[in-house]
Amino acid sequence: MSEARTRLLSTAGALFYSDGLHAVGIDRIIAAAPVTRATLYRHFPSKDDLVVAYLTQADDAIRERTTAARTPDASPDEIIRTVAQSIADDIQRPGFRGCAFLNAAAEYPDAAHPVHQAVRKHRDWFLATITELFAGTGKPDPEPAARHFVMLRDGAMAAGCLSDPDAVRETFLRGIEGLLTYRSHQQREV
(Lines give C-alpha, C1' and ligand atoms only; values in the text may rest on other atoms or scores of the structure.)
Protein backbone atom coordinates (compact mmCIF):
# COMPACT_ATOMS: atom_id res chain seq x y z
CA MET A 1 0.00 0.00 0.00
CA SER A 2 1.39 3.39 -0.95
CA GLU A 3 2.18 5.97 1.71
CA ALA A 4 -0.49 8.33 0.32
CA ARG A 5 -3.16 5.59 0.33
CA THR A 6 -2.22 4.61 3.88
CA ARG A 7 -2.41 8.25 5.01
CA LEU A 8 -5.76 8.77 3.25
CA LEU A 9 -7.27 5.65 4.76
CA SER A 10 -5.96 6.43 8.23
CA THR A 11 -7.16 10.04 8.10
CA ALA A 12 -10.54 9.19 6.63
CA GLY A 13 -11.02 6.31 9.07
CA ALA A 14 -10.39 8.52 12.10
CA LEU A 15 -12.74 11.21 10.76
CA PHE A 16 -15.45 8.73 9.75
CA TYR A 17 -15.36 7.07 13.15
CA SER A 18 -15.36 10.28 15.18
CA ASP A 19 -17.78 12.37 13.11
CA GLY A 20 -19.83 9.99 10.97
CA LEU A 21 -19.66 8.81 7.39
CA HIS A 22 -22.06 11.31 5.82
CA ALA A 23 -20.78 14.22 7.93
CA VAL A 24 -17.23 13.96 6.60
CA GLY A 25 -16.74 15.27 3.09
CA ILE A 26 -13.98 14.64 0.59
CA ASP A 27 -12.61 18.20 0.96
CA ARG A 28 -12.13 17.68 4.68
CA ILE A 29 -10.30 14.40 4.12
CA ILE A 30 -8.05 15.96 1.46
CA ALA A 31 -7.17 18.85 3.78
CA ALA A 32 -6.52 16.61 6.78
CA ALA A 33 -4.47 13.97 4.89
CA PRO A 34 -2.95 16.29 3.20
CA VAL A 35 -3.17 15.07 -0.40
CA THR A 36 -4.48 16.36 -3.68
CA ARG A 37 -7.95 15.55 -4.95
CA ALA A 38 -6.32 13.63 -7.83
CA THR A 39 -4.37 11.48 -5.36
CA LEU A 40 -7.51 10.65 -3.39
CA TYR A 41 -9.44 9.67 -6.53
CA ARG A 42 -6.51 7.68 -7.90
CA HIS A 43 -6.67 5.46 -4.81
CA PHE A 44 -10.41 5.63 -4.16
CA PRO A 45 -12.60 6.34 -7.22
CA SER A 46 -15.50 7.44 -4.99
CA LYS A 47 -16.25 8.28 -1.39
CA ASP A 48 -18.18 5.00 -1.18
CA ASP A 49 -14.98 3.16 -2.15
CA LEU A 50 -13.14 4.97 0.64
CA VAL A 51 -15.86 4.09 3.17
CA VAL A 52 -15.79 0.43 2.10
CA ALA A 53 -11.97 0.44 2.45
CA TYR A 54 -12.33 1.91 5.96
CA LEU A 55 -14.79 -0.83 6.92
CA THR A 56 -12.60 -3.50 5.33
CA GLN A 57 -9.66 -2.27 7.39
CA ALA A 58 -11.79 -2.44 10.56
CA ASP A 59 -12.93 -5.95 9.58
CA ASP A 60 -9.33 -7.04 9.03
CA ALA A 61 -8.34 -5.78 12.50
CA ILE A 62 -11.17 -7.73 14.16
CA ARG A 63 -10.30 -10.86 12.19
CA GLU A 64 -6.65 -10.53 13.26
CA ARG A 65 -7.61 -10.19 16.93
CA THR A 66 -9.93 -13.20 16.66
CA THR A 67 -7.21 -15.26 15.03
CA ALA A 68 -4.74 -14.20 17.74
CA ALA A 69 -7.19 -15.41 20.40
CA ARG A 70 -6.97 -18.94 19.01
CA THR A 71 -3.78 -19.95 20.76
CA PRO A 72 -2.98 -23.67 20.69
CA ASP A 73 -3.23 -24.04 24.46
CA ALA A 74 -6.54 -22.15 24.85
CA SER A 75 -9.79 -24.02 25.36
CA PRO A 76 -12.82 -22.99 23.27
CA ASP A 77 -14.31 -21.26 26.33
CA GLU A 78 -11.06 -19.33 26.85
CA ILE A 79 -11.01 -18.26 23.20
CA ILE A 80 -14.58 -16.96 23.51
CA ARG A 81 -13.59 -15.10 26.67
CA THR A 82 -10.56 -13.59 24.92
CA VAL A 83 -12.69 -12.38 22.01
CA ALA A 84 -15.16 -10.90 24.52
CA GLN A 85 -12.32 -9.24 26.45
CA SER A 86 -11.09 -7.63 23.24
CA ILE A 87 -14.55 -6.15 22.68
CA ALA A 88 -14.72 -5.01 26.30
CA ASP A 89 -11.32 -3.33 25.96
CA ASP A 90 -12.53 -1.44 22.88
CA ILE A 91 -15.42 0.00 24.90
CA GLN A 92 -12.94 1.66 27.27
CA ARG A 93 -10.78 3.07 24.48
CA PRO A 94 -10.56 6.90 24.47
CA GLY A 95 -12.83 8.33 21.78
CA PHE A 96 -15.03 5.23 21.67
CA ARG A 97 -18.13 5.93 19.56
CA GLY A 98 -19.66 2.49 19.27
CA CYS A 99 -19.34 -0.08 16.54
CA ALA A 100 -18.11 1.21 13.17
CA PHE A 101 -20.30 -1.38 11.44
CA LEU A 102 -23.50 -0.58 13.33
CA ASN A 103 -22.83 3.12 12.78
CA ALA A 104 -22.35 2.51 9.04
CA ALA A 105 -25.50 0.39 8.81
CA ALA A 106 -27.48 3.22 10.40
CA GLU A 107 -26.14 5.69 7.82
CA TYR A 108 -26.51 3.32 4.86
CA PRO A 109 -29.73 1.32 5.39
CA ASP A 110 -30.14 0.30 1.72
CA ALA A 111 -29.17 -3.39 1.59
CA ALA A 112 -28.01 -3.02 -2.03
CA HIS A 113 -25.53 -0.24 -1.23
CA PRO A 114 -21.83 -1.29 -1.20
CA VAL A 115 -21.31 0.17 2.29
CA HIS A 116 -24.25 -1.81 3.69
CA GLN A 117 -22.95 -4.92 1.92
CA ALA A 118 -19.54 -4.45 3.58
CA VAL A 119 -21.31 -4.27 6.96
CA ARG A 120 -23.29 -7.42 6.14
CA LYS A 121 -20.15 -9.28 5.04
CA HIS A 122 -18.43 -8.47 8.33
CA ARG A 123 -21.44 -9.38 10.47
CA ASP A 124 -22.00 -12.66 8.62
CA TRP A 125 -18.36 -13.59 9.15
CA PHE A 126 -18.45 -12.59 12.82
CA LEU A 127 -21.60 -14.62 13.55
CA ALA A 128 -20.21 -17.65 11.67
CA THR A 129 -16.93 -17.36 13.60
CA ILE A 130 -18.63 -17.07 16.99
CA THR A 131 -20.90 -20.01 16.07
CA GLU A 132 -17.82 -22.06 15.20
CA LEU A 133 -16.22 -21.14 18.54
CA PHE A 134 -19.34 -22.15 20.47
CA ALA A 135 -19.57 -25.40 18.49
CA GLY A 136 -15.99 -26.12 19.58
CA THR A 137 -17.06 -26.12 23.22
CA GLY A 138 -19.09 -29.28 22.67
CA LYS A 139 -22.00 -27.72 24.51
CA PRO A 140 -25.54 -27.68 23.09
CA ASP A 141 -27.02 -25.09 20.73
CA PRO A 142 -24.00 -23.25 19.35
CA GLU A 143 -26.10 -21.17 16.91
CA PRO A 144 -28.41 -19.61 19.52
CA ALA A 145 -25.43 -19.08 21.83
CA ALA A 146 -23.55 -17.26 19.07
CA ARG A 147 -26.57 -15.09 18.23
CA HIS A 148 -26.84 -14.27 21.95
CA PHE A 149 -23.15 -13.33 22.06
CA VAL A 150 -23.55 -11.03 19.04
CA MET A 151 -26.63 -9.38 20.56
CA LEU A 152 -24.76 -8.80 23.82
CA ARG A 153 -21.89 -7.33 21.82
CA ASP A 154 -24.19 -5.05 19.83
CA GLY A 155 -25.86 -3.80 23.00
CA ALA A 156 -22.52 -3.22 24.71
CA MET A 157 -21.20 -1.30 21.69
CA ALA A 158 -24.26 0.95 21.66
CA ALA A 159 -24.35 1.46 25.43
CA GLY A 160 -20.58 1.91 25.74
CA CYS A 161 -20.69 5.35 24.17
CA LEU A 162 -23.90 6.43 25.92
CA SER A 163 -23.16 5.57 29.54
CA ASP A 164 -20.39 4.55 31.90
CA PRO A 165 -18.06 2.35 29.81
CA ASP A 166 -16.76 0.56 32.92
CA ALA A 167 -20.25 -0.60 33.86
CA VAL A 168 -21.05 -1.57 30.26
CA ARG A 169 -17.81 -3.50 29.98
CA GLU A 170 -18.46 -5.35 33.24
CA THR A 171 -22.05 -6.14 32.29
CA PHE A 172 -21.02 -7.42 28.87
CA LEU A 173 -18.33 -9.72 30.29
CA ARG A 174 -20.73 -11.02 32.96
CA GLY A 175 -23.25 -11.73 30.21
CA ILE A 176 -20.71 -13.75 28.23
CA GLU A 177 -19.64 -15.61 31.36
CA GLY A 178 -23.29 -16.29 32.16
CA LEU A 179 -23.84 -17.60 28.66
CA LEU A 180 -20.88 -19.98 28.97
CA THR A 181 -21.93 -21.09 32.47
CA TYR A 182 -25.61 -21.53 31.60
CA ARG A 183 -24.73 -23.74 28.66
CA SER A 184 -22.51 -25.86 30.93
CA HIS A 185 -25.35 -26.33 33.43
CA GLN A 186 -27.77 -27.15 30.64
CA GLN A 187 -25.44 -29.88 29.36
CA ARG A 188 -25.10 -31.46 32.85
CA GLU A 189 -28.89 -31.57 33.26
CA VAL A 190 -29.40 -33.55 30.01
Side-chain angles (χ1 to χ4, degrees), residues 9-10 12-14 16-18 20-21 48-72 74-93 95-162 165 168-183:
L9 193 51
S10 174
F16 288 154
Y17 186 73
S18 68
L21 303 175
D48 289 346
D49 291 319
L50 181 56
V51 173
V52 169
Y54 153 69
L55 292 173
T56 300
Q57 187 176 54
D59 175 70
D60 289 346
I62 293 168
R63 288 175 189 247
E64 287 172 15
R65 289 190 328 216
T66 303
T67 298
R70 295 177 188 241
T71 60
S75 72
D77 281 15
E78 290 170 332
I79 295 169
I80 292 167
R81 286 183 183 103
T82 301
V83 170
Q85 185 64 54
S86 175
I87 293 164
D89 291 346
D90 276 349
I91 292 167
Q92 291 189 301
R93 197 170 21 97
F96 179 75
R97 285 200 63 250
C99 171
F101 297 96
L102 293 176
N103 295 345
E107 290 196 51
Y108 289 87
D110 178 3
H113 195 281
V115 171
H116 192 89
Q117 290 173 357
V119 170
R120 205 54 263 157
K121 179 181 174 186
H122 167 75
R123 290 184 61 81
D124 290 346
W125 165 82
F126 189 72
L127 178 60
T129 299
I130 298 300
T131 301
E132 174 194 335
L133 292 174
F134 274 106
T137 68
K139 298 170 190 167
D141 300 326
E143 295 88 2
R147 287 192 308 270
H148 194 157
F149 181 106
V150 172
M151 287 178 65
L152 288 169
R153 178 215 168 270
D154 288 350
M157 289 298 222
C161 60
L162 298 172
V168 171
R169 178 182 178 280
E170 178 187 337
T171 302
F172 170 69
L173 291 174
R174 290 183 78 189
I176 299 305
E177 195 58 41
L179 182 57
L180 290 168
T181 303
Y182 167 76
R183 293 178 71 242

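Hydrogens, waters and symmetry mates play no part in the numbers below; they use all other heavy atoms, side chains included.
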> Would you say the side-chain atoms of Q117 pair up with the backbone N or O of A112, donor to acceptor, closer than 3.5 Å?
yes
> Output every pair passing side chain to side chain donor-acceptor pair (under 3.5 Å) with a member in residues 96-113, not counting sequence neighbours, ordered by first then second residue.
D48-H113
> Less than 4.5 Å apart, side chain to side chain, heavy atoms only: is that true for F101 and D59?
yes
> side-chain contact (heavy atoms from CB on, under 4.5 Å), that's the test. Do V83 and R65 meet it? Break it down for me.
CA-CA 8 Å; V83 170; R65 289 190 328 216; over 6 Å; no
> Hey, could you give me the CD1/CD distance between I87 and Q92, rounded to the nearest 0.5 Å?
13.5 Å
> Rounded to the nearest 0.5 Å, how far does OG1 of T67 lie from CD1 of I79?
10.5 Å
> Is a donor on one side and an acceptor on the other found under 3.5 Å between the side chain of Y17 and the backbone of G98?
yes
> Under 3.5 Å, which donor-acceptor pairs do the side chains of residues 143-151 form with other protein atoms, sequence neighbours left out?
none

> In the structure I gave you, are the side-chain heavy atoms of Q85 and L173 within less than 4.5 Å of one another anywhere?
yes
> List the atom of Y54, the atom of G13, and the distance in Å for their closest heavy-atom pair.
CD1-CA, 3.4 Å
> About how many Å separate CD1 of I91 and CZ of F172, when rounded to the nearest 0.5 Å?
6.5 Å
> Given D89 and R169, is the side-chain contact (heavy atoms from CB on, under 4.5 Å) satisfied, shown in steps?
CA-CA 8 Å; D89 291 346; R169 178 182 178 280; 3.7 Å; yes
> With a 4.5 Å heavy-atom cut-off, do L55 and F16 have their side chains touching?
no
> So, taking the atom named CZ in R174 and the one named CG in L179, what distance separates them when rounded to the nearest 0.5 Å?
14.5 Å
> Strictly by salt bridge (Lys or Arg N to Asp or Glu O under 4.0 Å), give each pair with a member in residues 151-161 just once, sequence neighbours left out.
R123-D154
> What pair of heavy atoms forms the shortest contact from G160 to P165, and how long is it?
O-CB, 4.0 Å
> Taking all heavy atoms of P76 and all of G136, pick out the closest pair and write down the distance.
CG-O, 3.2 Å
> Do the rings of H122 and W125 sit parallel, tilted or perpendicular, given the 30° and 60° boundaries?
tilted
> Taking atom CG of L133 and atom CD1 of I80, what is their separation to the nearest 0.5 Å?
5.5 Å
> Thinking salt bridges, do E78 and R70 make one under a 4.0 Å N-O criterion?
no
> Could you point out which residue of D124, T129, I130 forms a side chain to side chain contact (heavy atoms under 4.5 Å, CB included) with F126?
I130
> Enter the distance from T131:OG1 to D141:CG here, rounded to the nearest 0.5 Å.
11.5 Å
> Please give me the minimum heavy-atom distance between P142 and A135, naming the atom from each residue.
CB-N, 3.5 Å
> Charged N to carboxylate O under 4.0 angstrom, D90 versus R93?
yes
> Test F96 against M157 for side-chain contact (heavy atoms from CB on, under 4.5 Å), laying out the working first.
CA-CA 9 Å; F96 179 75; M157 289 298 222; 3.4 Å; yes
> Which atom pair, heavy atoms only, marks the closest approach of V115 to A104?
CG1-CB, 4.2 Å
